[in-house]
Amino acid sequence: MHSSPSINDQLIMQCEQFEQLLQRLQQREYHVLGPTVRNQAIVYDTLTSIADLPKGYTDEQDGGSYRLKQRHDDAFFGYAVGPHSWKQFLHPPITRIWRAKRDGSSFHIAKEDKGIPKYAFIGVRSCELHAIAIQDRVFLQGACTDPGYQERRQDLFIVAINCGQAGGTCFCASMQTGPRATFGYDLALTEIVDTRQHFFVVHIGTELGAEMMDGLVCQQASPDDLQRDEQIVACTAQTMGRQMATSPVELKGLLARNLEHPRWEEVAGRCLSCTNCTMVCPTCFCTTVEDVIDLAGEETERVRKWDSCFNLDFSYLYGGSVRASAKSRYRQWMTHKLSTWYDQFGSSGCVGCGRCITWCPVAIDITEEVRAIYDSEQKE
Amino acid sequence: MLVERNDPMLPRWYRIQHRREELANTFTVTLEPQDHEDIPVFDCGQFNMLYVFGVGEIPISISGDPAHPAPLIHTIRAVGNVSNGLQGLKSGALIGVRGPFGTPWPLALAEGKDLLLIAGGLGLAPLRSVMYHVIAHRKAYGRVTLLYGARTPEDMLYRQECEHWRAHLDLDVAVTVDRATESWRGSVGVVTRLIAHALFDPAKTLAFVCGPEVMMRFCAQELEKCRVPGEQIFISMERNMKCAIGFCGHCQYGPFFICKDGPVLPYYQVKDLLRKREI
């Protein structure tokens, strides 16, 4: 007999039903987004069916290096995170805040009222759920809320994926942010693939998630299935390519005590101030606002763009930059991420996704920089 | 056109009612909202984001009287793109205003205590609001002292008002300049030197310091030497700002967002940071 699924149910979903789930989300007018292959990288873009997923792909990641490879199976999610993060949809790289038109001696101002689509994210990793929660604290839980972020965030449907494989630069286990999705999802999947079978264990996180699963032909997961699910995620946790030297809470004090450590000078000698780490970081939220004015000077647009604390202009104050040296800019980024973020938002700003390591052109490794400072304190 | 007020990034248009040239490159504007509705009340030490059409937006502290928020009064020094843009605007021109923002001077804490105001250069602008408030509520405070340092006698901001305040028998006002001119008969030297000569009871004094960072740091050190506890010293910080509501990240100073945790911060919380370069 058919019974409707409910929160905390664990179901078995075959690939056919996974396709049906995607179609169902589209029918419900969700703009469905997920991983897909483009320009030899796994990026996040529109999915029309599960055929758009990077089936049979994996990646090899290391400091300053990212390569796609073929897997020996047909796994849909057999890789770690790529250069994109979900922040490009919730906190877009460029948004128009408002535009204004001169009208004689007066101005008419128009708020940006472009419709915001209802998003469904497919394949959200645990580190990324933590990153979304962190940006929620920045944009929604302070004295002011960002109305655009709120609008994009409120109708979001999240299908998480429990990682079945750790990347070469992953360190979520040591940041206590993964690899299992523990909150913030409507549905969480664990992909089970071998020579004989290919299916997902589905963990239902919300009423809406249960509703989306209702009517799809799925069995309850057996104890054996759940044990395999446990084993897969446990194995991922044990094979992380990187590890922080100490716990996230300890990092707060470690960096606060070492603002004048010689290591900052050393890393500044390698850092190009290219801003890649801040662009790929799923939690970096800094922006600038620019005016785009027409040639006649009659119309202007205020445009908000992602900015980076590695830019000289970022700290410009009448006549010069407060952080003129690369050393001070790297220190600002790392101490903010790992230390002062606690003071501001009650948690670390790092989720251990490893993107800043992979996409740094000179392979600066945040875990290595932390270890250098940590080790020097141990020797004292 | 109706503008929704709930988006904190949307400005209101204000018309420049009057302009007054204070010093070379420094001027004061009085502003009235184009929609003729009320001007929001503000607390001493808060700031607004002022927007020049097609150029950009900058934070400027409010230097008017908090008891009379209309018209809005800002004193501005032309040093960058936006402030130079503001300088080019004549009476009648429109600018965008968002605010007020930020943590004000803790005037309630100062009640019943001696109040020591120390200003350097343009740092007098956000402290002028405090002077207006204190004069209007003179009985609420003990001794009130204003120490003001300018580079030269020509660089003295609000000179007439300083002279007017000095004429009050219940206010101590001392002025010094870094470099004297021939006709200057007053004190010469940095403003920190005035601290030791001021009359206040250090244990029950609140000090509000506003000026360049290095000046505030040395003033705070001098105040501590004079036994004013670090908890009773407040400074007003300045940083690049794009949003003023804690989203853009530009104004970070260690753990603080100058836009919301500041601009006024207790000295003891930033004492260690002030000693470090490029924070």
Side-chain angles (χ1 to χ4, degrees), chain A residues 97-98 100 102 105-112 138-139 142-149 256 259-260 284-294 297-300 302 304 307-309 313-319 321-325 327-329 331-332 335-336 339-344, chain B residues 1-4 6-13 15 34 49 51-58 77-83 85 92-96 101 122 212-213 238-257 259-261 272-273 275-279:
Chain A
I97 312 172
W98 50 264
R102 200 191 290 271
S105 70
S106 174
F107 298 108
H108 280 312
I109 196 164
K111 199 185 159 190
E112 193 50 43
V138 174
F139 291 122
C144 273
T145 55
D146 178 339
Y149 184 91
L259 290 177
E260 286 169 317
C284 272
F285 58 83
C286 290
T287 52
T288 187
V289 181
E290 289 175 5
D291 268 77
V292 183
I293 191 158
D294 71 334
E298 294 299 308
E299 278 186 59
T300 190
R302 294 281 285 161
R304 188 173 82 170
D307 200 359
S308 170
C309 52
D313 275 357
F314 189 86
S315 62
Y316 183 88
L317 197 64
Y318 42 79
S321 293
V322 173
R323 294 183 208 104
S325 69
K327 167 189 149 184
S328 67
R329 298 199 294 275
R331 179 180 66 186
Q332 167 61 23
T335 55
H336 181 220
S339 179
T340 52
W341 207 293
Y342 272 100
D343 300 296
Q344 297 169 351
Chain B
M1 184 183 285
L2 264 179
V3 170
E4 282 180 58
N6 60 2
D7 186 340
M9 290 300 282
L10 279 178
R12 257 173 94 187
W13 295 107
R15 203 171 286 285
Q34 192 194 18
M49 294 297 281
Y51 169 73
V52 179
F53 184 81
V55 181
E57 209 180 32
I58 45 167
R77 177 182 288 166
V79 284
N81 285 341
V82 182
S83 51
L94 283 182
I95 65 169
F101 298 113
L122 210 59
E213 243 168 83
E238 208 171 350
R239 279 296 179 270
N240 185 309
M241 281 180 203
K242 298 291 179 190
C243 74
I245 47 179
F247 294 158
C248 79
H250 282 246
C251 70
Q252 286 178 76
Y253 183 63
F256 304 106
F257 287 98
C259 70
K260 53 179 190 178
D261 303 315
D272 292 338
L273 288 176
R275 287 205 204 99
K276 296 183 174 73
R277 296 169 67 91
E278 298 188 295
I279 290 295

Visitor: Can you say whether R329(A) sits under 4.5 Å from chain B via the side chain, the backbone, both, or neither, judging by heavy atoms?
Guide: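 Looking at R329(A), nothing touches chain B.
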Visitor: Which answer fits I279(B), side chain, backbone, both or neither, if we ask what part of it has an atom under 4.5 Å from a heavy atom of chain A?
Guide: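 Both parts, backbone and side chain.
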Visitor: Looking only at non-hydrogen atoms, find the nearest pair between I109(A) and P11(B) and report the distance.
Guide: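 Heavy atoms of I109(A) and P11(B) come nearest at CD1-CD, 3.7 Å.
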Visitor: So which of A324(A), G148(A), S321(A) has the biggest tally of heavy-atom pairs under 4.5 Å with chain B?
Guide: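 When all of A324(A), G148(A), S321(A) are compared, A324(A) has the most.
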Visitor: In Å and rounded to the nearest 0.5 Å, what is the CG to CE distance from L317(A) to M241(B)?
Guide: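 Reported value, rounded in 0.5 Å steps: 9.0 Å.
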Visitor: Heavy-atom distance under 4.5 Å to chain B: side chain of E290(A), backbone, both or neither?
Guide: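 No part of E290(A) comes within 4.5 Å of chain B.
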Visitor: Picking from S83(B), C248(B), G249(B), G96(B), which has the most non-hydrogen pairs under 4.5 angstrom with chain A?
Guide: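 Maximum pair count with chain A is reached by C248(B).
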Visitor: Under 6.0 Å between ring centres, would you say that holds for F247(B) and F139(A)?
Guide: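 Yes, the ring centres sit under 6.0 Å apart.
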Visitor: Of all of Q332(A), R102(A), K327(A), which one pairs up most often with chain B through heavy atoms under 4.5 Å apart?
Guide: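 Counting heavy-atom pairs under 4.5 Å, the top option is R102(A).
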Visitor: Decide yes or no for D313(A) and N240(B): does some side-chain heavy atom of the first lie under 4.5 Å from some side-chain heavy atom of the second?
Guide: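 Not touching, per the 4.5 Å side-chain cut-off.
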Visitor: Please indicate whether D343(A) has more than 12 foreign heavy atoms, meaning atoms of other residues, nucleotides or ligands, lying under 6.0 Å from its CG.
Guide: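 Atom CG in D343(A) is packed in, count exceeds 12.
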Visitor: Chain B: which of T335(A), I97(A), D146(A) shares the most heavy-atom pairs with it under 4.5 Å?
Guide: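 Of the options given, most contacts go to D146(A).
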Visitor: Taking side chain as C-beta onward, heavy atoms only, is C309(A) less than 4.5 Å from Q252(B)?
Guide: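 Answer no - side chains too far apart.
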Visitor: Quick one: sort the W98(A) and Y51(B) rings into parallel, tilted or perpendicular, breaks at 30° and 60°.
Guide: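 Geometry flag for Y51(B) against W98(A): perpendicular rings.
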Visitor: Tell me every residue that passes side chain to side chain contact (heavy atoms under 4.5 Å, CB included) with R15(B), counting only those two or more places apart in sequence or in another chain.
Guide: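 Side chain to side chain contact (heavy atoms under 4.5 Å, CB included) list for R15(B), sorted by chain: S105(A), Q34(B), L94(B).
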Visitor: For L273(B) and L259(A), what are the C-alpha separation, side-chain angles and deciding distance, and is it a side-chain contact (heavy atoms from CB on, under 4.5 Å)?
Guide: CA-CA 9 Å; L273(B) 288 176; L259(A) 290 177; 4.1 Å; yes
Visitor: Check whether any side-chain N or O of H250(B) sits under 3.5 Å from a backbone N or O of T287(A) as a donor-acceptor pair, and report yes or no.
Guide: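 Answer holds: yes.
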Visitor: Measure distances from D307(A) to the heavy atoms of chain B and classify the residue's part below 4.5 Å as side chain, backbone, both or neither.
Guide: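 It is the side chain, since no backbone atom gets that close.
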Visitor: Do the side chains of R302(A) and M9(B) get nearer than 4.5 Å, heavy atoms only?
Guide: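 Side chain of M9(B) against side chain of R302(A), heavy atoms only: no contact under 4.5 Å found.
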Visitor: Need one label for S339(A): side chain, backbone, both or neither, based on atoms under 4.5 Å from any heavy atom in chain B.
Guide: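 Contact with chain B is absent: no heavy atom of S339(A) under 4.5 Å.
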Visitor: Take a 6.0 Å sphere around CZ of R275(B) and say whether it holds more than 12 heavy atoms from other residues, nucleotides or ligands.
Guide: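 More than 12 heavy atoms, drawn from other residues, nucleotides or ligands, come within 6.0 Å of this atom.
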Visitor: Parallel, tilted or perpendicular: which one describes the rings of F257(B) and H336(A), with boundaries at 30° and 60°?
Guide: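 Perpendicular: the ring planes of F257(B) and H336(A) meet at over 60°.
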Visitor: Which bit of E213(B) comes within less than 4.5 Å of chain A, counting heavy atoms only: side chain, backbone, both or neither?
Guide: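 Contact with chain A involves no heavy atom of E213(B) at all.
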Visitor: How close do A100(A) and W13(B) get, counting heavy atoms only, and between which atoms?
Guide: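 For A100(A) and W13(B), the tightest heavy-atom pair comes out as CB-CZ2, 4.3 Å.
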Visitor: Is any side-chain heavy atom of I293(A) closer than 4.5 Å to one of F53(B)?
Guide: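 F53(B) vs I293(A): side chains touch.
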Visitor: Quick one: list whatever passes salt bridge (charged side-chain N to carboxylate O under 4.0 Å, His left out) with E278(B), sequence neighbours left out.
Guide: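 E278(B) satisfies salt bridge (charged side-chain N to carboxylate O under 4.0 Å, His left out) with no other residue.
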Visitor: Hey, does E238(B) have a side-chain heavy atom less than 4.5 Å from the side chain of Y318(A)?
Guide: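 A side-chain contact under 4.5 Å exists here.
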Visitor: Shortest non-hydrogen contact from C144(A) to I245(B)?
Guide: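 Scanning both residues, the minimum pair turns out to be SG-CG2, 3.5 Å.
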